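Bear in mind the structure is a predicted one, so any value in this text is a computation, not a measurement. Computed from heavy atoms alone, side chains included, the values below leave out hydrogens, waters and symmetry copies.
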Amino acid sequence: MTLKLNDKYLKGFVSEADYNDIAPKLAEAHALLSSRSGQGSDFLGWTELPDNYDRVEVERIIKAAERIKKMCDVFITIGIGGSYLGARAAVEFCTSARYNALPKDTPDIYFSGNDISASSLAELLKICEGKDICINVISKSGTTTEPAIAFRIFRKLLEEKYGKEESARRIFVTTDRAKGKLKELSDKNGYETFVVPDDVGGRFSVLTPVGLLPIAVAGIDILDMLKGASDAKAAYSSEKMSENDAYKYACIRNILLSKGKSVEILATYESSLAMTAEWWKQLYGESEGKDNKGIYPSSVTFTTDLHSLGQFIQQGSRIMFETVIDLVNASDKTLIPDDPLNLDGLNFISGKDIHYVNRTAFTATAMAHTDGGVPNIVLELEKRGAYEFGYLVYFFELACAISGYILGVNPFNQPGVEEYKKNMFALLGKPGEDNEKRRAELAKKL
């Protein structure tokens, strides 16, 4: 077992009749995906990627990662949205949320270009002082505002520190295969480039060069990760809900939505999975949130958030359900010591493994929340590792595509994302007649 859907906490919320009712929609969604006839079918490259990835390019990534490890103390990945969330999720999932602070023979990895915070950039520049640096900028066009600003700053830093020739050896670019400003700049300056596939959208791109280079720099076996995704592809090939947990997850989500559960909380019990939840939120939020439809994706890290959001989940408005990633086996074993004075009254758990106590907390919480009217979908994950991450990624991506088609939206576009950009460019004074008109309209609202 790598990943298994446990539906024991759905009793009273989802019935056999519900599964029967949604079966025709599932069949239609499966047909749209498998025949590549649904909306957004130009962006289905991720479906075959685990088996048909570019072997030559992946080998180049592995070799580049080895050079980077030898060249630098700090590796900065510049990107936003799908250009950074998946890679950061993988690094923390496979190693630790404290990756940079732990002893290791790989560079510290920082992620930049995912906001426009002056203090965040200034702090990272201070971290880089006296350190050897390499950067990986990820952008299909090279003109996305947040990463473009960060790339300007760090390219200038490298050129002043090393000179143009040496800085070119330290700049790695993941961009379009043949076109775009970033590709032009890379060809002109001799940066090594990797390809953002044309048929894979950003939020589905973690297992492409977009995510694989920083993941490999962290010392993670990317071939094992791709093998995990490949095995998940085989495991979830059946069109029958009873034989396909990814399809079943997609169906349960939509059944619960039809019953008024419009908020999904991804709950984890490990801090190392917090960024996986952030990646998941983008995947589902950007894929389903359109046409005034969708399930709002949220996340919590338990047991921490049981002491903050736990009250609302237990007794607040009944608009939510939880999807829990239950990590079955931990990589570390830590026993709780005995206290002769028993000042905290916890000697009844002396000698027990902390992971056992954590999983007991999950069981207790699932029981309490379901009793309080919050359905729980449980995804039992065997352990943390590169293989398991690849497996989990494919599970969520496949379920997301099917869920979107069941919902009746295009899961692969994001038309609403552009609105804030248009306003921002107009307010910043970008030239152009359309920007002048928009700026005048916005001025009336300020």
Side-chain angles (χ1 to χ4, degrees), residues 29 32-33 36-47 49 78-89 111 113-116 137-150 174-176 179-182 195-211 250 253-254 257 262-264 266 275-299 393-394 396-426 430 434 438:
L32 291 173
L33 186 65
R36 293 176 173 256
S37 59
Q39 289 182 299
S41 58
D42 290 344
F43 292 93
L44 292 179
W46 58 271
T47 60
L49 182 69
I78 298 172
I80 195 167
S83 296
Y84 99 99
L85 281 169
R88 185 170 175 184
F111 295 87
N114 47 69
D115 58 30
I116 319 177
V137 59
I138 305 164
S139 175
K140 194 163 180 64
S141 66
T143 59
T144 304
T145 308
E146 294 88 343
I149 290 172
T174 310
T175 190
D176 190 87
K179 63 182 185 297
K181 298 299 181 182
L182 193 51
V195 176
V196 178
D198 290 332
D199 58 354
V200 180
R203 57 190 177 273
F204 289 83
S205 69
V206 60
L207 299 180
T208 75
V210 168
R253 298 178 75 252
N254 282 276
L257 176 62
S262 58
V263 175
E264 180 177 12
L266 186 70
M275 285 306 302
T276 300
E278 293 301 311
W279 167 81
W280 172 88
K281 284 192 286 190
Q282 187 204 4
L283 179 66
Y284 281 83
E286 206 167 64
S287 295
E288 293 189 324
K290 56 201 71 164
D291 303 336
N292 295 317
K293 298 179 181 179
I295 299 168
Y296 182 79
S298 183
S299 66
V393 161
Y394 196 87
F396 276 136
E397 289 180 344
L398 178 60
C400 182
I402 289 294
S403 182
Y405 281 146
I406 290 174
L407 188 63
V409 300
N410 178 353
F412 306 110
N413 68 350
Q414 54 282 336
V417 171
E418 299 302 315
E419 286 306 303
Y420 92 90
K421 296 179 184 178
K422 293 174 183 177
N423 286 349
M424 182 174 69
F425 289 152
K430 184 177 182 178
D434 289 343
R438 183 176 286 262

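- Counting heavy-atom neighbours within 6.0 Å of F425 CZ, excluding the residue itself, gives a total above 12.
- For K290 (side chain) and V409 (main-chain N/O), no donor-acceptor pair under 3.5 Å exists by modelled atom type.
- Looking at D176 and V196, their side chains never come closer than 4.5 Å, going by heavy atoms from C-beta outward.
- Rounding to the nearest 0.5 Å gives a distance of 7.0 Å between CD of Q282 and CZ of R203.
- Taking F111 as the reference, T77, Y84, A87, R88, I109, N114 meet the side-chain contact (heavy atoms from CB on, under 4.5 Å) condition, with sequence neighbours excluded.
- When the side-chain contact (heavy atoms from CB on, under 4.5 Å) test is applied to L49, the partners found at least two apart in sequence or on another chain are Y53, L207, T208.
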Stepwise side-chain contact (heavy atoms from CB on, under 4.5 Å) test for F43 and F204:
CA-CA 9 Å; F43 292 93; F204 289 83; over 6 Å; no

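- The backbone N or O of L85 sits nowhere less than 3.5 Å from a side-chain atom of E278 that would complete a donor-acceptor pair.
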CA sep, side-chain torsions, deciding dist, call: F412, D42, side-chain contact (heavy atoms from CB on, under 4.5 Å):
CA-CA 9 Å; F412 306 110; D42 290 344; over 6 Å; no

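- With rounding to the nearest 0.5 Å, the separation of CD1 in I149 from OG1 in T144 is 11.0 Å.
- Of all non-hydrogen atoms in F396 and L266, the two that sit nearest each other are CZ-CD1, 4.3 Å.
- Legend: side-chain hydrogen bond (donor to acceptor under 3.5 Å, both in side chains) pairs involving residues 397-407, not counting sequence neighbours, sorted by first then second residue: R253-S403, N254-S403, E288-S403.
- Side chain of K422 to backbone of R438: no donor-acceptor contact under 3.5 angstrom is found.
- L257 and S262 get closest at one heavy-atom pair: CD1-CA, 3.9 Å.
- Using a distance-only test at 3.5 Å, with no hydrogens or angles considered, a donor-acceptor pair links the side chain of T175 to the main chain of K140.
- Under a 3.5 Å cut-off, the side chain of S287 and the backbone N or O of P411 do form a donor-acceptor pair.
- Closest approach of A399 and Y284 over heavy atoms only: CB-OH, 3.5 Å.
- When all heavy atoms are compared, the tightest approach of V200 to W46 is CG2-N, 3.6 Å.
- Rounding to the nearest 0.5 angstrom, the gap separating the CD1 atom in I295 from the CG atom in L407 is 7.0 Å.
- Closest approach of P147 and I80 over heavy atoms only: CD-CG2, 4.0 Å.
- The two atoms that bring A401 and L33 nearest to each other are CB-CD1, 4.2 Å, heavy atoms only.
- Side chain of Y394 to backbone of T47: a donor-acceptor contact under 3.5 angstrom is found.
- Residue-environment remark: NZ (K181) stays at or below the threshold of 12 foreign heavy atoms within 6.0 Å.
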